[in-house]
Number of protein chains: 2
Amino acid sequence: MRTYGQFCPIAKSSEILAERWTLLIVRELLLGSHRFNELEWGLPHIPRSLLTQRLRSLEDAGVLERRADAGGKRREYHLTTAGLELFEIVKGIGDWGQKWVNHNIGHGDVDPKLLVWDMHRRLDLEAIPDHRVVIQLDFHGAARGIFWLVVERPEPSVCQTDPGFDVDLFVSADTIALHRVWMGHTTIHEAIDEGLVEIDGLPELARAFPKWLQLSFFAGVQPAGATVAG
Amino acid sequence: MRTYGQFCPIAKSSEILAERWTLLIVRELLLGSHRFNELEWGLPHIPRSLLTQRLRSLEDAGVLERRADAGGKRREYHLTTAGLELFEIVKGIGDWGQKWVNHNIGHGDVDPKLLVWDMHRRLDLEAIPDHRVVIQLDFHGAARGIFWLVVERPEPSVCQTDPGFDVDLFVSADTIALHRVWMGHTTIHEAIDEGLVEIDGLPELARAFPKWLQLSFFAGVQPAGATVAG
DNA sequence: CAGTATCCGATGCGATACTG
DNA sequence: CAGTATCGCATCGGATACTG
């Protein structure tokens with residue numbers, strides 16, 4: 001690991017935390033991912049070898065620990081007490097970003113895979129129906145992709161290939177528009193009115209769907225200089 | 001600038017803040033350095049070209065702005081509102097480091113130059129005498145160096161070469177020992193008792209010196225697992 | 001003093017391919 | 001699924017020299 005040659009605690013922390021990808025890995029762990037594959041879903045474009053390397057560094061630094069899972073065969077990654085105490089820092093960085101960093105979501109910043117992964121993790125388990133609902137999401141515009149969201153208790157899941165179930169709801173969305181909804185820059189109803197998002201299926205389900213969908217943790221943070229919506 | 005291709009505010013912030021040296025530059029600005037040369041004092045080993053580059057990135061990101069100073073000739077770097085709002089984040093990272101990162105100060109982590117720079121910035125202006133006091137600091141042990149601290153109002157200064165004034169106090173210190181005092185791991189009186197720090201000069205000044213010296217901002221944070229001193 | 005310009009070697013990153 | 005191995009390239013770090 002590269003060091004700064006300083007005793008300052010900010011420098012010592014930065015040696016661990018300020019390396020590329022590291023904070024995003026911690027974010028994923030804080031949000032409840034524990035398996036290598038789950039981490040990959042939340043970190044599109046990270047080289048697998050680099051993920052391995054970072055997980056090892058974080059283990060050495062005492063931020064996380066590897067465990068064998070219940071089955072005994074697979075590994076799981078869990079934050080230690082030290083790692084869990086990064087919550088406020090990571091949240092603070094996110095709040096700062098939402099407030100101050102250019103909040104025009106551009107073509108380079110959108111990733112349908114990450115969006116559906118985030119969405120599936122924020123579904124309101126209290127609000128979803130008792131029975132399984134399968135949603136097909138078609139993204140178009142800045143970036144394309146088709147995903148399936150299998151909404152069920154105890155744990156919703158997401159697929160990149162057709163899971164084979166009958167589809168109950170078809171959602172077709174402009175990629176940037178749905179990102180803007182997720183980030184709280186607009187509402188899903190506005191996006192629907194503008195024709196950028198369409199929901200097809202049983203009217204009852206179509207009406208209920210927006211209620212299951214919780215937004216990003218940072219959707220409530222106002223960008224600096226934004227006028228408060230009337 | 002390297003990006004992550006994510007809309008997540010943590011990722012957008014990290015693109016700016018998680019690059020090497022960046023957080024330490026922000027630390028220096030938060031602590032009151034504004035000129036290129038002051039920044040260099042607080043960032044030993046940073047290549048000047050890289051400092052220039054980072055300052056430019058931070059300006060582009062809206063974290064700082066360049067100004068002409070009062071004289072009109074020199075440039076100064078000042079945090080914007082966005083930059084000032086990084087205070088809690090930087091402090092949080094420092095607190096976390098002081099609590100959780102290996103707090104054995106080793107040979108690779110000591111830097112007398114940074115230490116005297118930090119010390120001169122934390123001198124208690126209320127407590128120092130009315131007249132100028134010149135202190136020569138001799139570091140020995142893990143890393144060597146001689147510095148002169150010119151203690152005076154309104155602004156103390158520090159030199160790497162003999163400023164030519166009569167020296168009022170000679171301080172001779174083991175480098176690691178004085179770092180440990182600064183970080184709150186021990187007291188200066190303990191270090192003196194162990195023979196690791198010596199102060200020579202008028203007894204009145206020698207007695208007063210420890211009182212001018214405020215410690216690191218993080219000296220009050222207990223390392224995890226540390227027993228509270230009795 | 002306050003930078004800018006250039007050059008070189010080491011390392012980190014990212015892409016691809018391979019394995020149990 | 002959960003990694004490991006390898007390799008080219010970009011960036012960083014450090015040195016040196018130059019400028020207003």
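We name chains A, B, ... by the order of the sequence lines, and we start the count at 1 in each one.
In this structure, A/Arg20 satisfies the cation-pi test against B/Tyr4, with its NZ or CZ atom closer than 6.0 Å to the six-membered ring centre and inside 45 degrees of the ring normal. Figure legend: B/Arg122 and B/Phe217 shown as a cation-pi pair, the cationic atom lying under 6.0 angstrom from the six-membered ring centre and within 45 degrees of its axis.
Atoms CD (B/Glu40) and P (C/dA2) sit 9 Å apart, rounded to a whole Å. Atom C1' of nucleotide C/dA15 and atom CZ of B/Arg2 are separated by 15 Å, given to the nearest angstrom. The CD atom of B/Glu76 sits 13 Å away from the C1' atom of C/dC1 (whole-angstrom rounding). Look at CZ on B/Arg48: it is 12 Å from C1' on D/dA17, rounded to the nearest Å. In this structure, the CD1 atom of A/Ile46 is 14 Å from the C1' atom of D/dA2, given to the nearest Å. If you take CZ of A/Arg20 and P of C/dC13, they are 8 Å apart, rounded to a whole angstrom. The CD1-C1' distance, from B/Ile25 to D/dC12, rounds to 13 Å in whole Å. Protein atom CZ of A/Arg67 is 18 Å distant from nucleotide atom C1' of D/dA2, rounded to whole Å.
No side-chain heavy atom of A/Met183 sits less than 4.5 Å from a side-chain heavy atom of A/His103.
Across all strands shown, A/Glu38 has no heavy atoms under 4.0 Å from either base or sugar-phosphate atoms. Counting non-hydrogen atoms under 4.0 angstrom, A/Leu51 reaches nothing in the nucleic acid. B/Arg66 comes within 4.0 angstrom of no nucleic acid atom, judged by non-hydrogen atoms across all strands.
The A/Tyr77 side chain lies nearest to D/dG3 when the options are D/dG3, C/dC13, D/dC1. The side chain of A/Arg54 approaches C/dC13 more closely than any other nucleotide in the set D/dG3, C/dC13, C/dA2. When distances run from any side-chain atom of A/Asn37 to the nucleotides D/dG3, C/dG14, D/dC1, the shortest one goes to D/dC1.
A close approach under 4.0 Å does occur between a side-chain nitrogen or oxygen of A/Trp21 and OP1 or OP2 of C/dG14. Residue A/Thr52 has a polar side-chain atom (N or O) positioned under 4.0 Å from OP1 or OP2 of D/dT4. Distances shorter than 4.0 Å separate none of the side-chain N or O atoms of A/Gln53 from OP1 or OP2 on C/dG12. Of the side-chain N and O atoms in B/Arg35, none sit less than 4.0 angstrom from OP1 or OP2 of C/dC1.
Using Watson-Crick or G-U wobble geometry with both donor-acceptor distances under 3.5 Å, C/dG20 finds its partner in D/dC1. Base pairing of D/dC7 is made with C/dG14, judged by Watson-Crick or G-U wobble geometry with both donor-acceptor distances under 3.5 Å.
Residues B/His179 and B/Asp109 bring no donor and acceptor atom of their side chains to less than 3.5 Å of each other.
Using modelled atom types, no side-chain atom of A/Asp138 and backbone atom of A/Ile146 make a donor-acceptor pair closer than 3.5 Å.
Looking at A/Arg153 and A/Asp130, a side-chain N of the basic residue comes within less than 4.0 Å of a carboxylate O on the acidic one, giving a salt bridge.
Judged by distance alone with a 3.5 Å cut-off, no donor-acceptor contact links the side chain of A/Arg75 to the base of D/dA2.
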